[in-house]
Amino acid sequence: MLNFSKKLIDWYLQNKRALPWRTTRDPYYIWLSEIILQQTRVEQGTPYYFRFTSTFPTIKALADADEDTVLKLWQGLGYYSRARNLHSTAKKIAYEYDSIFPDTYKEIVKLKGVGDYTASAIASICFDEPTAVVDGNVYRVLSRIFGIDTPIDSTLGKKEFKALAQKLIDVRDPATFNQAIMEFGATQCKPKNPYCLHCPFNTDCIAFQQGKIESLPYKAGKTKVRDRFFNYLILKTPSAHTLLQKREEKGIWQGLFDFPLLESDVDLEKTELIAQLDLFSLKGVSGSVAFKSLKIKSIVLESNEPIIHKLSHQKLNVKFWVVRIADTSELQTIPIADFKKYAVPRVIDRFMESFDFENY
DNA sequence: AACCCGGGGGG
DNA sequence: CCCCCAGGGTT
């Protein structure tokens, strides 16, 4: 096509949104925005961008924070490894690179939590390096305009689209080109109901000409969702304390806190739960503590129906059980009033918003 | 190559 | 209900 880049950039200059990170080329802010925006819509990520830039105005401020503080600020955004890698990389840049952000794609892509897309975005936007970004928007725009049906979730597809984007990029202004193609995908060449009728490419676009807009981009993979059954035990002592435990192991919500969790293969009734509690243990002050060894006063299921919490590839069936126990020195309990200081999964935060600890 | 990792919103 | 979002890491 003749002058793809010029058409695209002309469209962009007329239609771009005023986004907060578009007022700077400081690699710290661009990097931060890119990490926040991974698999995340602009509207969802923007409040977090403001939160982070105001709490941590410099990369050193971020580096010097506790990981728990960073995770708390990230709470609710999901994909928490992004926050852990963000913090780890901030420390590295602050203390090994004297707070100087690396300035080439080759060096940037080595950073933890930074892949091909993010490195290309930072290198082009901050340092004018002509390396093409390929995100979900770019797949959509290129697959449609050029009529490419190679699966975007295949190795071949990734290579093919990267090469095409790299061929098309405007080496005179890669920063604008990269942002333009993403903006175009986000607001014009949308997944559903794109604005084809007044699209600057509608005479070129193969998908539009052939009526294939709905079927492109093509994805081969199918994500299968597995069912899990979570029983959270909300301990309550006479002094209004409860127990939160940090999730250290790999898996969902690593680094966040939650209540003692008994996972089962199926949904449990109260008698079944009590049977399984025989073998259940908690993280205690010194080693694990058998649930049986506690002085149980009552166990009450908070709501009859499990709360359904959907993740991309898991369907969580969550029940909250309130367990009144006697005071014990075996457990490092916290005042329930301190709950809000901890980074917790969304499903727990939401539950606690409408839960009255006093009633039990 | 396949799988894992959150949460929200649009249609 | 399904799909997608300024993807990256691990196995």
Side-chain angles (χ1 to χ4, degrees), chain A residues 12 16-17 19-22 30-49 71 74-86 88-89 108-122 124-125 132-141 151-159 161-162 165 175 177-187 189-194 214-226 228 247 249-256 308-316 343-350:
Chain A
Y12 177 66
K16 68 174 178 177
R17 293 167 291 179
L19 301 178
W21 43 89
R22 286 192 176 149
I30 298 300
W31 165 63
L32 175 62
S33 72
E34 294 298 346
I35 301 299
I36 288 173
L37 292 173
Q38 287 170 2
Q39 291 294 287
T40 303
R41 291 172 198 282
V42 166
E43 308 80 61
Q44 188 187 1
T46 299
Y48 287 83
Y49 178 79
L71 282 169
W74 198 273
Q75 175 179 304
L77 197 53
Y79 286 144
Y80 297 94
S81 68
R82 289 186 292 172
R84 289 185 277 111
N85 289 335
L86 182 83
S88 161
T89 293
I108 297 169
V109 79
K110 294 178 185 169
L111 301 173
K112 207 180 295 184
V114 173
D116 178 73
Y117 162 76
T118 304
S120 299
I122 299 171
S124 61
I125 294 171
V133 294
V134 180
D135 70 339
N137 295 306
V138 176
Y139 282 125
R140 189 166 52 255
V141 171
I152 62 171
D153 53 354
S154 67
T155 305
L156 176 63
K158 289 181 172 67
K159 278 182 57 182
F161 283 98
K162 175 78 182 184
F177 178 91
N178 275 343
Q179 295 183 79
I181 193 168
M182 291 191 284
E183 186 81 345
F184 184 76
T187 67
C189 193
K190 301 179 297 173
K192 305 288 182 188
N193 306 319
E214 297 293 327
S215 60
L216 291 175
Y218 177 66
K219 245 182 177 171
K222 59 282 175 225
T223 49
K224 44 178 182 286
V225 177
R226 93 178 142 121
R228 299 179 73 180
R247 297 177 63 89
E249 63 281 7
K250 300 280 185 188
I252 58 172
W253 305 328
Q254 185 184 357
L256 273 61
I308 306 301
H309 186 70
K310 289 182 175 177
L311 307 180
S312 5
H313 53 288
Q314 297 183 19
K315 177 184 172 191
L316 307 181
V344 299
R346 195 79 177 88
V347 64
I348 291 183
D349 193 46
R350 187 176 286 144

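Note on naming: letters A, B, ... go to the chains in the order of the sequence lines (proteins, then strands), and numbering restarts at 1 for each one. As the structure is a computational prediction, the values presented were derived from the model and not from experiment.
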Between A/Pro345 and A/Ser154, which residue's closest nucleotide on DNA chain B lies nearer the 5′ terminus?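 Final value for this comparison: A/Ser154.
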
If you assign each of A/Tyr80 and A/Lys192 to its closest nucleotide in DNA chain B, which residue comes earlier from the 5' end?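 The 5'-side residue here is A/Tyr80.
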
Just by protein heavy atoms under 4.0 Å, how would nucleotides 6-11 of chain C read 5' to 3' in B, S and -? BBSS--

Describe the nucleic acid contact of [X] in one word from base, sugar-phosphate, nothing, applying a heavy-atom distance below 4.0 Å.
X        : value
A/Gly221 : nothing
A/Gln314 : sugar-phosphate
A/Lys224 : sugar-phosphate
A/Arg350 : sugar-phosphate
A/Gly76  : sugar-phosphate

Any sub-3.5 Å donor-acceptor pair from A/Arg247's side-chain atoms to A/Ile252's backbone N or O?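 Looks like yes, one N/O pair under 3.5 Å.
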
Determine: side-chain N/O of A/His309 to OP1/OP2 of B/dG7, distance under 4.0 Å, yes or no.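 So the side chain of A/His309 is within the cut-off, an N or O lying under 4.0 Å from OP1 or OP2 of B/dG7.
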
I want to verify a distance call: between B/dG11, B/dC5, C/dC1, whose nearest atom is closest to the A/Lys310 side chain?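 Among the listed nucleotides, the one closest to the side chain of A/Lys310 is C/dC1.
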
If I take atom [atom1] in residue [X] and atom [atom2] in nucleotide [N], what distance separates them, rounded to the nearest angstrom?
X        : N     : atom1 : atom2 : result
A/Gln44  : C/dC5 : CD    : P     : 13 Å
A/Ile35  : C/dC5 : CD1   : C1'   : 15 Å
A/Arg346 : B/dG9 : CZ    : P     : 9 Å
A/Ile308 : B/dG7 : CD1   : C1'   : 16 Å
A/Asp153 : C/dC3 : CG    : C1'   : 13 Å
A/Ile348 : B/dG6 : CD1   : C1'   : 14 Å
A/His313 : B/dC3 : NE2   : P     : 11 Å
A/Trp74  : B/dG6 : CH2   : P     : 12 Å

Could you tell me if the side chain of [Y] sits less than 4.5 Å from the side chain of [X], heavy atoms only?
X        : Y        : value
A/Leu19  : A/Tyr49  : no
A/Thr118 : A/Ile35  : yes
A/Trp74  : A/Ile36  : yes
A/Trp31  : A/Val114 : yes

Short side-chain donor-acceptor distance under 3.5 Å, A/Gln38 and A/Tyr117: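 Checked: A/Tyr117/A/Gln38 side chains show no N/O donor-acceptor pair below 3.5 Å.
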
Evaluate side-chain contact (heavy atoms from CB on, under 4.5 Å) for A/Leu37 paired with A/Trp21, printing each intermediate quantity in order. CA-CA 11 Å; A/Leu37 292 173; A/Trp21 43 89; 3.5 Å; yes

Which donor-acceptor pairs under 3.5 Å do the side chains of residues 308-315 of chain A make with protein atoms, sequence neighbours left out?
from     : atom 1 : to       : atom 2 : distance (Å)
A/Gln314 : OE1    : A/Arg228 : NH1    : 2.9

Determine the Euclidean distance between corresponding P atoms of C/dA6 and B/dG11; express it in Å to zero decimal places.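 Pairwise P distance, B/dG11 against C/dA6, rounds to 14 Å.
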
Expressed as a whole number of Å, how far does the P atom of B/dG6 sit from that of C/dT11?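 It works out to 15 Å between them.
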
Please give the nucleotide sitting opposite B/dG6 as a Watson-Crick or G-U wobble pair, both distances under 3.5 Å, or none.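 Result: none.
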
